[in-house]
*Asks:* 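Below is the structure I would like to discuss, written out as structure tokens.
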Amino acid sequence: MSYSQPHTRFSLVSNSSLSSADHLSSSNASTSTTRFSLQSAPSINTTLGAQSQPKALPRNAIYDRNLNKTRTSEVSASAFAFLFSEMIQYTQKRVSGIEDLERRLNTLGYRIGTRYLELMSWRTEGASKAPKREIRFLPALMMIHTQLWRAVFGKPADAIERSVENDDEYMLIDNDPQITRHISIPRDMNSLSCSALTAGIVEAVLDGLGFPARVTAHSVPTDAFPARTTILVKLQKEVLEREDALK
């Protein structure tokens, strides 16, 4: 099929008798006009690269969060119960007895307490113009009873008691420990106290404050509180000597 040449008035070049095909056949023809000459267009990749591409927003990690804004944040109780259950099952497969299991839970709690003491000290220094450090044992124990317990478990401990028989022993009482609320202990392991994790947290805080002690957890159930737990704090001799010197 043949096509007729376009009329001259439809030619791309004004006032020219040549057809558009003749003008496009040679770029060096003397009859072509420069009015429609174009510079070499850049490639698509070059054009896209020259344009400013939107930068990806940085992904905020957990370490970028404001520590003061998370002061009152809460953790899902079901998520915590699941995590704590997995911790116990993982540890139980690698121990030889109940004492070894409690010792490992105490070690895990000690790591938590070390980090939380650092966080608590940082918040105290940032919020107070004249932060102070407790140098007496009873104020430090009261801080654990109220501030630490409320921050970790959402409520203060129920009581503080001092041993009548031994001057170096103090007890923190929790009638309904939150970490053992969803745990059922088999009959053959009824002497196990999963609050050994809490005992490790308390021991780490006391060591960091300068009151070295041995902290253990003991289940003391009652009719009103079947999950009642006692956190026993047994101070070292150097702490008692310093307390006597400060009187």
Side-chain angles (χ1 to χ4, degrees), residues 75 80 83-84 87-88 90-92 94-124 132-163 165-181 183 185 191-220 227-244 246:
V75 178
F80 174 79
L83 177 61
F84 190 55
M87 290 171 57
I88 295 177
Y90 175 84
T91 307
Q92 187 178 2
R94 292 162 174 78
V95 297
S96 57
I98 295 178
E99 293 183 0
D100 193 14
L101 176 57
E102 290 182 346
R103 181 182 59 82
R104 295 205 177 195
L105 290 176
N106 187 286
T107 302
L108 293 174
Y110 195 95
R111 297 174 182 176
I112 298 173
T114 301
R115 289 164 173 78
Y116 198 83
L117 176 61
E118 181 180 0
L119 174 62
M120 194 163 51
S121 301
W122 185 88
R123 286 175 173 171
T124 302
K132 66 176 182 178
R133 175 189 173 188
E134 299 293 347
I135 60 175
R136 301 298 299 269
F137 174 71
L138 286 180
L141 190 62
M142 285 297 300
M143 183 269 295
I144 295 175
H145 168 272
T146 54
Q147 299 180 20
L148 178 66
W149 232 263
R150 183 180 290 111
V152 177
F153 304 115
K155 66 179 185 68
D158 294 295
I160 295 180
E161 297 180 2
R162 182 175 182 179
S163 175
E165 300 176 355
N166 302 315
D167 295 337
D168 59 345
E169 292 183 353
Y170 291 81
M171 290 165 282
L172 292 165
I173 310 298
D174 195 340
N175 293 328
D176 186 20
Q178 186 175 5
I179 64 173
T180 60
R181 191 171 296 172
I183 293 178
I185 300 177
S191 61
L192 171 65
S193 178
C194 293
S195 293
L197 182 81
T198 306
I201 296 175
V202 174
E203 184 173 347
V205 173
L206 287 175
D207 286 352
L209 293 175
F211 303 99
R214 180 73 178 105
V215 184
T216 54
H218 305 273
S219 297
V220 188
R228 189 172 187 262
T229 301
T230 298
I231 305 298
L232 178 63
V233 179
K234 188 174 183 61
L235 298 173
Q236 293 188 8
K237 185 178 180 180
E238 60 185 80
V239 179
L240 298 177
E241 294 176 351
R242 187 175 60 197
E243 288 291 315
D244 293 337
L246 294 174

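Just so it is clear, the structure is predicted and the values come from calculations on it, not from any experiment.
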*Asks:* Would you give me the side-chain donor-acceptor pairs under 3.5 Å for residues 148-160, sequence neighbours excluded?
*Replies:*
| from | atom 1 | to | atom 2 | distance (Å) |
| --- | --- | --- | --- | --- |
| Trp149 | NE1 | Asp174 | OD2 | 3.1 |
| Lys155 | NZ | Asp174 | OD1 | 3.1 |
| Asp158 | OD2 | Asn175 | N | 2.6 |

*Asks:* Say whether, by atom type as modelled, one donor and one acceptor occur between the side chain of Gln236 and the main chain of Phe211 under 3.5 angstrom.
*Replies:*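 Flag not set: sc Gln236 to bb Phe211 has no pair under 3.5 Å.
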*Asks:* Which value, rounded to the nearest 0.5 Å, describes the distance between Ile144 atom CD1 and Ile231 atom CD1?
*Replies:*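 These two atoms lie 11.0 Å from each other.
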*Asks:* If you take all heavy atoms of Ala199 and Ala217, which pair is closest and at what distance?
*Replies:*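 That closest heavy-atom pairing would be CB-N, 4.0 Å.
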*Asks:* Distance from Gln92 atom CD to Ile98 atom CD1, nearest 0.5 Å?
*Replies:*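 These two atoms lie 9.5 Å from each other.
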*Asks:* Take a 6.0 Å sphere around CZ of Arg111 and say whether it holds more than 12 heavy atoms from other residues, nucleotides or ligands.
*Replies:*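 No - once you tally the heavy atoms of other residues, nucleotides and ligands closer than 6.0 Å, there are 12 at most.
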*Asks:* Please list all pairs passing the salt bridge (Lys or Arg N to Asp or Glu O under 4.0 Å) test where one or both residues lie in residues 193-207, with sequence neighbours left out.
*Replies:*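 Pairs touching residues 193-207 that pass the test: Glu203-Arg214.
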*Asks:* Arg104 side chain to Asp100 main-chain N or O, any donor-acceptor pair under 3.5 Å?
*Replies:*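 Answer holds: no.
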*Asks:* Contact between Val220 and Thr229 at the side-chain level, heavy atoms closer than 4.5 Å - yes or no?
*Replies:*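 SC-SC contact between Val220 and Thr229 ruled out.
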*Asks:* Closest approach of Val205 and Gly113, non-hydrogen atoms and distance?
*Replies:*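 Reported closest heavy-atom pair: CG2-O, 4.0 Å.
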*Asks:* Before you tell me yes or no, could you show the steps for Met120 and Met143 under side-chain contact (heavy atoms from CB on, under 4.5 Å), namely the whole-Å CA-CA distance, both residues' side-chain angles and the distance that decides it to 0.1 Å?
*Replies:* CA-CA 11 Å; Met120 194 163 51; Met143 183 269 295; 3.6 Å; yes
*Asks:* For the residue pair Pro177 and Ala227, what are the closest heavy atoms and their distance?
*Replies:*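 Answer, listing the atom of Pro177 first, then Ala227: CD-O, 3.1 Å.
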*Asks:* Roughly how far, to the nearest 0.5 Å, is CD of Gln178 from OG of Ser195?
*Replies:*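 So the OG of Ser195 and the CD of Gln178 are separated by 11.0 Å.
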*Asks:* Are any side-chain N or O atoms of Arg242 and backbone N or O atoms of Lys237, one a donor and one an acceptor, separated by less than 3.5 Å?
*Replies:*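 Not at all, since once roles are kept as given, no pair shorter than 3.5 Å links the two residues.
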*Asks:* Leu108 versus Met87: any side-chain heavy-atom pair under 4.5 Å?
*Replies:*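 Contact flag for Leu108/Met87 side chains = yes.
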*Asks:* If I take atom CD from residue Glu102 and atom CG from residue Leu192, how far apart are they, to the nearest 0.5 angstrom?
*Replies:*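 Rounded to the nearest 0.5 Å, the CD-CG separation comes to 5.5 Å.
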*Asks:* What's the separation between atom CG in Leu101 and atom SG in Cys194, rounded to the nearest 0.5 Å?
*Replies:*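 If we round to the nearest 0.5 Å, Leu101:CG and Cys194:SG are 7.0 Å apart.
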*Asks:* Spell out, as yes or no, whether a donor-acceptor pair under 3.5 Å connects the side chain of Glu134 to the backbone of Leu209.
*Replies:*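 No; judged by distance alone, with no hydrogens or angles, the pair does not exist.
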*Asks:* When rounded to the nearest 0.5 angstrom, what is the spacing between CD1 in Ile185 and OG in Ser219?
*Replies:*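 Here the interatomic distance stands at 6.0 Å.
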*Asks:* Please check if the number of heavy atoms outside Arg136 that lie under 6.0 Å from its CZ is greater than 12.
*Replies:*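 Yes, enclosed.
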*Asks:* Please table the atom pairs, donor to acceptor, closer than 3.5 Å between any side-chain atom in residues 166-173 and protein atoms at least two apart or in another chain.
*Replies:*
| from | atom 1 | to | atom 2 | distance (Å) |
| --- | --- | --- | --- | --- |
| Asn166 | ND2 | Glu169 | OE1 | 3.3 |
| Asn166 | ND2 | Glu169 | OE2 | 3.4 |
| Asp168 | OD2 | Lys234 | NZ | 3.0 |
| Glu169 | OE2 | Lys234 | NZ | 3.4 |
| Tyr170 | OH | Arg162 | NE | 3.4 |

*Asks:* Looking only at non-hydrogen atoms, find the nearest pair between Leu206 and Ala213 and report the distance.
*Replies:*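 Shortest heavy-atom separation between Leu206 and Ala213 comes out as CD1-CB, 4.3 Å.
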